[in-house]
Amino acid sequence: MSEEKSLNFIEDIIEEDLRAGKYKSILTRFPPEPNGYLHIGHAKAICLNFGLGLKYGGKTNLRFDDTNPVTEETEYVDSIKDDIKWLGFTWAEELYTSDYFGKLYEFAVDLIKKDLAYVDDSTAEEIAAMKGTPTEPGKDNLYRSRSIEENLQIFTDMKDGKYKDGKKVLRAKIDMKHTNMLMRDPIIYRIKHAHHHRTGNDWCIYPMYDFAHGQSDSIENITHSVCTLEFIPHRELYDWLIEKLEIFPSHQYEFARLNMTYTVMSKRKLLQLVNDGHVKGWDDPRMPTLSAFRRKGYTPESIRTFCDKIGVAKRENFIDLSLLEFCLREDLNQRALRVMAVLDPVKLIISNYDDGKTEELISENGPDEAMGKRVLTFGKELYIEREDFMEEPAKKWFRLAPGAMVRLKSAYIVKCESFIKDNSGKITDIHCTYIPESKSGSDSSGISVKGTIHWVNAATAVTAEVRLYDRLFTVENPLGEEGDFKDTINPNSLDIIKNAMVEPSLKDATAESRYQFIRKGYFCLDKDSTPGKMVFNRTVTLKDAWAKEVKKK
RNA sequence: UGGGUUAUGGUGUAAAGGUAGCACAACAGAUUUUGAUUCUGUUUGUCUAGGUUCGAAUCCUAGUAACCCAACCA
């Protein structure tokens, strides 16, 4: 095959439309409802819609689908805008469906005048009963034959606030026996005496999704209105309304939403996790929201790469979380500064190193020369990772053990001579000797060791809190289990380490800094940090061949 | 008992009648002052049954499975 990437089915359609001269340029839109935070599934839709605009020299609008005042809030509007900007996209116009309430009302009046809409006084239960089921046709009710004049008058009265919530609705007059349930006289306007986040108390009737979305697309001259699969049955109604209203013919195309292992992706369920206190807010780093990924240290580039790799198609998919992590590591590996941090410290004392002596050693900041170098202080007392020492070494173990030698990264080779345990059997000190000729960069010792471990100098190390995150759920598909999805929440999804010892250069960390704690993973500074106490989030672990080796047994 | 949509390795995604490719995952090895990175290699697939054709993932017929549709949510 050639170098260029093959097109997805929507790109196929657009290229065909452009080729055929159906449109001179394209216009897409991203239409979130401001009732929750954006998650990784939205990122797929954002990358798709904005990506299409960019690729074909068109534009993309951001339109808040705010037709339900009871669930929508400005807080969500702000977070959504932040997330889209963070991902790196720029919208042509910031619009709101509520901008069109006047126009939409006119459309409804137009429909009534064409005898294509009527006011129904039935209760919600009655309407549901008359609607039939997917396998049984619905039935007409007596309100369906109301006169145009009467409908016009009552609809005006509805708008003027003469009725209470739920007393009347406006319905499109289509076909109660239609095989598509959505075509059985769908409700297009309902009464809600509620405060709207933008229009305040101007309206007490609000259009339903189906009477707002397609019409908004049309008003904006959207050429390709891309949405997820569950809206397929809505397309027939979308087209019907555009045809009857005789307005600009936007077209709807549907793709499969993103599903990912070890998480859930519905705003309703995410809201539940927040409200029930299973996580500490929408941006808790264990959440699949964009604000959580950002806080956890993910880069927008890695998420865009991920969205590119998963593709766009119409079949249900279930993406492996490891693909997202792969994209992340690939990016972080290139940009993260390498530093040393000991998460579970145990003291290492070098017996043949002079008391009070220190040395300044040079270490590279990363694999790329351009990342520069930094100075590390070495001394007689260090901290190393507790798990890097094994009293009775396992097979293929090439870290520290009694009598064994190991390289201290960017420093010397040391040999373990003895160790001390406290009353509870916990190792408190490891005594080593070092090989003076083995200094990194000028090693003349002739000794080669298999293992290299990280360390920090006890005298100059800084204490920091480190938060280790694991997947939020214990099973790949929390919704595939019997019972409530919350039963599969991972009780160990957060491990807080209060006293990690990190090298002093980390004092310069900023919110944007990306680090690799050598051999432990990628980390970033959390917003909970204070001048007196740094807090780091583990963004993702490094791949760990040893852990895999251990697991095999 | 209705209507709609989709079926390609473990997971995704290409192949527009002509060599089933790519990525992740898994496995094996090389390199390595991060058991990381990098590099090399291996395993695994066209839902089923018929048919058309020199040739079928692709076309035809009949099945099967999964998902969606009965909020005054979007």
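Sequence lines set the chain letters: A, B, ... in the order given, protein chains first and strands last, and positions in each chain run from 1.
Rounded to whole Å, atom C1' of C68(B) lies 13 Å from atom CZ of Arg235(A). Counting to the nearest Å, the P atom of C24(B) and the CG atom of Asp308(A) are 14 Å from each other. Protein atom CZ of Phe255(A) is 15 Å distant from nucleotide atom C1' of G12(B), rounded to whole Å. As a whole-Å value, the separation of Gln252(A) CD from U5(B) C1' is 13 Å. When rounded to the nearest whole Å, the span between CD of Glu236(A) and C1' of U5(B) equals 14 Å. Spacing between atom CG of Leu376(A) and atom C1' of U34(B) amounts to 14 Å, rounded to whole angstrom units.
On a pure distance criterion of 3.5 Å, no polar donor-acceptor pair joins the side chain of His454(A) and the base of A36(B). On a pure distance criterion of 3.5 Å, no polar donor-acceptor pair joins the side chain of Arg329(A) and the base of U37(B). Counting distance only, with no hydrogens placed and no angle test, the side-chain atoms of Glu316(A) and the base atoms of U5(B) include no donor-acceptor pair under 3.5 Å. Counting atom types as modelled, Arg519(A) pairs no side-chain N or O with a base atom of U34(B) as donor and acceptor under 3.5 Å.
Side-chain atoms of Glu126(A) come within 3.5 Å of backbone atoms of Thr123(A) as a donor-acceptor pair (strictly under, hydrogens ignored). Of the possible polar contacts, none joining the Arg538(A) side chain to the Val466(A) backbone as a donor-acceptor pair under 3.5 Å is found. For the pair Ser225(A) (side chain) and His251(A) (backbone), a donor-acceptor distance under 3.5 Å is absent. Side-chain N or O atoms of Ser302(A) include none that pairs as donor or acceptor with a backbone N or O of Leu328(A) at under 3.5 Å.
The side chain of Phe326(A) lies closest to C24(B), out of G35(B), A74(B), C24(B). The side chain of Lys409(A) approaches U33(B) more closely than any other nucleotide in the set U33(B), A74(B), A23(B). Listed nucleotides U11(B), C72(B), U13(B) differ in distance to Arg315(A); the shortest reach to its side chain belongs to U13(B). The side chain of Asn317(A) has G12(B) as its nearest neighbour among A74(B), C24(B), G12(B). With C72(B), G35(B), U34(B) as the choices, the nucleotide that has an atom nearest any side-chain atom of Arg399(A) turns out to be G35(B). If you check C67(B), A14(B), C72(B) against the side chain of Ala124(A), the one that comes closest is C72(B). Here the nucleotide nearest the side chain of Asn333(A), chosen from U37(B), U6(B), G12(B), is U37(B). When each of U1(B), A14(B), U33(B) is scored by its nearest atom to the side-chain atoms of Asn8(A), the top-ranked nucleotide is A14(B). Of the candidate nucleotides A7(B), A74(B), A23(B), A74(B) has the atom lying nearest to any side-chain atom of Tyr209(A). Counting only heavy atoms from C-beta on, Trp397(A) has its side chain closest to G35(B) among G35(B), C72(B), A74(B).
Distances shown here put every side-chain N or O of Lys309(A) at or beyond 4.0 Å from the OP1 or OP2 atom of U11(B). Under 4.0 angstrom from either OP1 or OP2 of U34(B) there lies no side-chain N or O belonging to Lys543(A). Phosphate contact (OP1/OP2 of U33(B), side-chain N/O of Lys450(A), threshold under 4.0 Å): absent. The phosphate of U13(B) has neither OP1 nor OP2 within less than 4.0 Å of any side-chain N or O from Ser6(A). Taking side-chain N and O atoms only, Arg257(A) has no distance below 4.0 Å to OP1 or OP2 of C68(B). Dashed line: the shortest gap from a side-chain N or O of Lys552(A) to OP1 or OP2 of A28(B) is under 4.0 Å.
Look at A70(B): its glycosidic torsion is beyond 90° from 0, and that puts it in the anti range.
Atom NZ of Lys168(A) and atom OG of Ser122(A) lie 9.5 Å apart (nearest 0.5 Å).
Counting non-hydrogen atoms under 4.0 angstrom, Gln516(A) reaches a base of the nucleic acid. In this structure, Thr67(A) reaches the sugar-phosphate backbone alone: every heavy-atom distance under 4.0 Å involves primed, P, OP1 or OP2 atoms, never a base. Residue Gly441(A) is classed as a base contact, given a heavy-atom separation below 4.0 Å to a base.
With both ends at atom C1', the span from A57(B) to U6(B) equals 15 Å, rounded to whole Å. With both ends at atom P, the span from A7(B) to A16(B) equals 15 Å, rounded to whole Å. Atom P of U43(B) sits at a distance of 46 Å from the matching atom of G3(B), rounded to the whole Å. Spacing of C1' atoms, U1(B) relative to A70(B), comes out at 15 Å, to the nearest Å. Taking the P atoms as reference points, U19(B) lies 25 Å from C24(B), given to the whole Å. Distance check on atom P: U8(B) versus U42(B) gives 25 Å, rounded to whole Å. On the P atoms, G50(B) is 28 Å away from C67(B), given to the nearest whole Å. Nucleotides G18(B) and C59(B), compared at atom P, are 11 Å apart to the nearest Å.
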Could you pull out the protein-nucleic contacts involving nucleotides 39-42 of chain B (nitrogen or oxygen on both sides, under 3.5 Å)?
none

Between the protein and nucleotides 69-71 of chain B, which nitrogen or oxygen pairs come in under 3.5 angstrom?
none

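The side-chain tip of Arg146(A) does not point at the ring of Tyr118(A) from less than 6.0 angstrom away and within 45° of straight on. The cationic atom of Lys159(A) (NZ for Lys, CZ for Arg) lies less than 6.0 Å from the six-membered ring centre of Tyr105(A) and within 45° of the ring axis.
A pairwise comparison of heavy atoms in Asp388(A) and His454(A) identifies OD2-CE1, 3.9 Å as the closest pair.
Aromatic ring pairs are classed by plane angle as parallel below 30°, tilted from 30° to 60° and perpendicular above 60°; the pair Tyr412(A) and Tyr434(A) is perpendicular.
No option in Lys173(A), Lys139(A), Arg144(A), Lys131(A) other than Arg144(A) meets the salt bridge (Lys or Arg N to Asp or Glu O under 4.0 Å) test with Asp185(A). Between Tyr206(A) and the options Tyr189(A), Tyr100(A), Phe101(A), Phe211(A), a ring pair (Phe, Tyr, Trp, His ring centres under 6.0 Å) holds for only Phe101(A).
Along RNA chain B, the nucleotide nearest Asp12(A) and the nucleotide nearest Val70(A) are compared for position; the residue whose nucleotide lies closer to the 5' end is Asp12(A). The residue among Leu229(A) and Phe318(A) whose nearest nucleotide of RNA chain B is located toward the 5' end is Leu229(A).
Taking the six-membered ring for Trp, Phe64(A) and Tyr96(A) have ring centres closer than 6.0 Å. In summary, the aromatic rings of Phe293(A) and His39(A) are positioned with their centroids too far apart to meet the 6.0 Å limit.
At a threshold of 4.0 Å, the pair Arg399(A)-Glu385(A) does not count as salt-bridged, since none of the basic side-chain nitrogens sits closer than that to a carboxylate oxygen.
For RNA chain B, if you chain together Watson-Crick or G-U pairs that step i with j, i+1 with j-1 and so on, the runs of at least three with distances under 3.5 Å are B:2-7 with B:64-69, B:10-13 with B:21-24, B:26-30 with B:38-42, B:47-51 with B:59-63.
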Ring pair (Phe, Tyr, Trp, His ring centres under 6.0 Å) between His213(A) and Tyr209(A), worked out: CA-CA 6 Å; His213(A) 200 100; Tyr209(A) 166 84; 4.9 Å; yes
